[in-house]
There are 2 protein chains.
Amino acid sequence: MSAIPAATVGRLVTYLRVLTEMEQEGVRSASSDDLGAVAHVSAFQVRKDLAYFGRFGTRGAGYTVATLRRELRRILGLTRPWHVAIVGMGRLGQALADYPSFDRQEFRLVAAFDVDPAVIGRRIGAVQVESLATLAEVAAERAIDLAFLTVPAGAAQNAVDALAAAGVRGILNFAPVVVTAPENVRLEAVDLSAGLQRLTYYVQSEPATVGEVTG
Amino acid sequence: MSAIPAATVGRLVTYLRVLTEMEQEGVRSASSDDLGAVAHVSAFQVRKDLAYFGRFGTRGAGYTVATLRRELRRILGLTRPWHVAIVGMGRLGQALADYPSFDRQEFRLVAAFDVDPAVIGRRIGAVQVESLATLAEVAAERAIDLAFLTVPAGAAQNAVDALAAAGVRGILNFAPVVVTAPENVRLEAVDLSAGLQRLTYYVQSEPATVGEVTG
DNA sequence: TATTGTGAACCGGTTCACAGCG
DNA sequence: CGCTGTGAACCGGTTCACAATA
């Protein structure tokens with residue numbers, strides 16, 4: 001049996017999101033059809049994705065929202081708190097320090113780093129900015145699991161190397177460059193610049209329309 | 001002949017990025033092997049991706065960096081300026097207003113919107129924040145092509161509807177929700193929250209290692 | 001009866017081998 | 001001779017049909 005397709009992992013995140021909304025609205029149960037409709041995915045796909053991990057539904061009845069949500073959180077590794085650091089406290093890094101997820105349990109902002117003496121020492125959100133030179137030390141001390149990489153493009157690869165050496169397991173890269181990480185460090189790109197450029201590709205040719213009727 | 005795979009479009013963006021770096025470093029020409037190595041893609045894949053759009057190389061010699069870069073910019077629609085608006089001027093929206101891409105030609109920040117009277121009227125980056133109620137009017141006036149959507153999750157769908165009605169052609173969604181847009185509006189997600197959750201999935205099981213040697 | 005769970009068919013993207021050509 | 005361009009083979013993810021079952 002082969003590995004789980006990356007696309008499946010991405011959809012699991014979407015299902016979890018949908019289930020969380022449903023739970024908030026008081027919905028008790030949902031069929032694969034219901035989930036698929038909201039997630040913009042076929043019901044087949046929903047069932048196949050879930051089947052990689054086990055059986056979570058009841059034939060004839062569908063899925064219990066609370067149960068499936070709990071299972072997905074477990075599958076995605078969201079049942080224990082993750083220690084997160086931000087590397088690069090420019091505008092974006094500072095904005096991310098207030099990211100709402102840090103209010104909840106799963107993700108805890110435990111450190112923030114920069115190289116600029118003008119920023120080091122300042123308190124931003126829940127943490128005080130420290131020198132990037134202290135990364136290894138601090139990472140060991142506070143058991144940093146994950147990092148947001150929000151440094152300029154030219155500094156990204158060095159920062160990845162430093163994070164990998166410090167034992168950080170996953171990096172969310174916001175810098176618009178191709179960086180390389182060792183096998184044991186997972187890298188995910190959250191790429192504004194790339195997103196913008198994909199957007200222009202798709203938008204360039206299609207005709208513009210305002211409202212429903214044109215002409 | 002069918003449409004271009006979405007994965008190909010994503011890789012074109014990467015190739016462009018790589019070529020831009022090469023050009024800055026004074027590299028004149030590159031083979032599909034060279035490009036693939038830097039982009040973390042096979043040489044086959046590079047050639048196949050490019051073949052969807054034409055012939056850009058010289059057999060026996062490879063690709064001329066400047067030429068291929070120009071062609072990719074044309075293919076991706078990056079030869080004309082795009083008018084961009086930011087909807088939602090919280091921390092993230094404000095950080096994005098200073099995004100370096102706005103310094104260059106391709107993307108011009110032409111408007112910023114919010115619903116909070118405390119923010120409306122303030123000058124941020126190159127623009128003054130306006131009421132979201134004036135979106136339709138302003139969009140027509142300044143020919144807004146694209147939008148960054150940085151509103152809270154609960155406000156995202158309404159904002160998408162308003163943007164679509166105002167004739168905006170593409171939306172880069174930063175809100176962690178599933179939103180629906182009409183056919184003629186392209187939606188790309190830049191999803192911090194989803195990226196973080198995919199990261200925990202991959203990282204949870206693998207063993208942690210510090211440095212190169214363990215034990 | 002309704003809806004899940006799943007083996008098999010299908011399809012499209014990736015890989016490959018090599019013909020084409022500078 | 002080296003590297004591109006591309007038709008064909010391959011593979012894996014998606015779709016499907018249906019058996020299983022609450």
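Please read all numbers here as calculations on a predicted model, not as lab measurements. Every chain is numbered from 1 and lettered A, B, ... according to where its sequence line falls, protein lines coming before strand lines. FYI, side chains are in, hydrogens and waters are out, and symmetry mates aren't considered; it's all heavy atoms of this structure.
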Review point. Do Y15(A) and R17(A) pass the side-chain contact (heavy atoms from CB on, under 4.5 Å) test, and can you show the C-alpha distance, the side-chain angles, and the key distance before you say yes or no?
Key: CA-CA 5 Å; Y15(A) 303 152; R17(A) 197 170 271 185; over 6 Å; no
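Residues passing the side chain to side chain donor-acceptor pair (under 3.5 Å) test with D161(B) are Q157(B), sequence neighbours excluded.
Between the OH atom of Y15(A) and the P atom of dT4(C) there is a distance of 12 Å, given to the nearest Å. Rounded to a whole Å, the CZ atom of F53(A) is 18 Å from the C1' atom of dT4(C). Whole-Å rounding puts the L50(B) CG to dG5(D) P distance at 7 Å. As rounded to whole Å, 14 Å separates atom P of dG12(D) from atom CD1 of I4(A). Taking atom CG of D33(A) as the reference point, atom C1' of dG5(C) lies 15 Å away to the nearest angstrom.
Positionally, the nearest nucleotide of DNA chain D for G57(B) lies more toward the 5' end than for the other of G60(A) and G57(B).
The closest side-chain heavy-atom distance from I86(B) to F113(B) is not below 4.5 Å. Using a 4.5 Å heavy-atom threshold, the side chains of T200(B) and F107(A) count as touching. Looking only at side-chain heavy atoms (C-beta outward), L35(A) and M22(A) come within less than 4.5 Å of each other. Side-chain contact between R169(B) and R186(B): absent, with no pair of heavy atoms (C-beta onward) separated by less than 4.5 Å. The closest side-chain heavy-atom distance from V168(A) to D145(A) is not below 4.5 Å. Looking only at side-chain heavy atoms (C-beta outward), L172(B) and L146(B) stay at 4.5 Å or farther from each other.
In this structure a side-chain-to-backbone donor-acceptor pair under 3.5 Å is present from Q204(A) to Y201(A).
Taking a 4.0 Å limit (strictly below) on heavy-atom distances, residues 18-27 of chain A does not reach DNA chain C anywhere.
The shortest distance between the side-chain N/O atoms of Y63(A) and the OP1/OP2 oxygens of dA2(C) is not below 4.0 Å. Using a 4.0 Å cut-off, no side-chain N or O of S32(B) falls inside it from OP1 or OP2 of dC3(D). Remark: R55(B) is not in phosphate contact with dG20(C), judged by side-chain N or O atoms under 4.0 Å from OP1 or OP2.
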Contacts under 3.5 angstrom, residues 62-77 of chain A side chains, donor-acceptor by atom type, not counting sequence neighbours:
| unit_1 | atom_1 | unit_2 | atom_2 | d |
| --- | --- | --- | --- | --- |
| R69(A) | NE | T20(A) | OG1 | 2.9 |
| R69(A) | NH1 | E23(A) | OE1 | 3.4 |
| E71(A) | OE1 | R74(A) | NE | 3.2 |
| E71(A) | OE1 | R74(A) | NH2 | 2.5 |
| R73(A) | NH1 | E106(A) | OE2 | 2.5 |
| R73(A) | NH2 | L78(A) | O | 3.1 |

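Identified under the ring-ring contact (aromatic ring centres under 6.0 Å, His included) test for residues 172-192 of chain A, with sequence neighbours left out: F148(A)-F174(A).
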Distances for protein N or O near nucleotides 14-19 of chain C N or O, under 3.5 Å:
| unit_1 | atom_1 | unit_2 | atom_2 | d |
| --- | --- | --- | --- | --- |
| dT14(C) | OP1 | R11(B) | NH1 | 3.1 |
| dT14(C) | OP2 | R11(B) | NH2 | 3.0 |
| dT14(C) | O5' | Q45(B) | OE1 | 3.3 |
| dT15(C) | OP2 | Q45(B) | OE1 | 3.4 |

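Rounded to 10 degrees, the angle between the two end axes of the helix from dT1(C)-dA22(D) to dG22(C)-dC1(D) is 10°, with five pairs used at each end.
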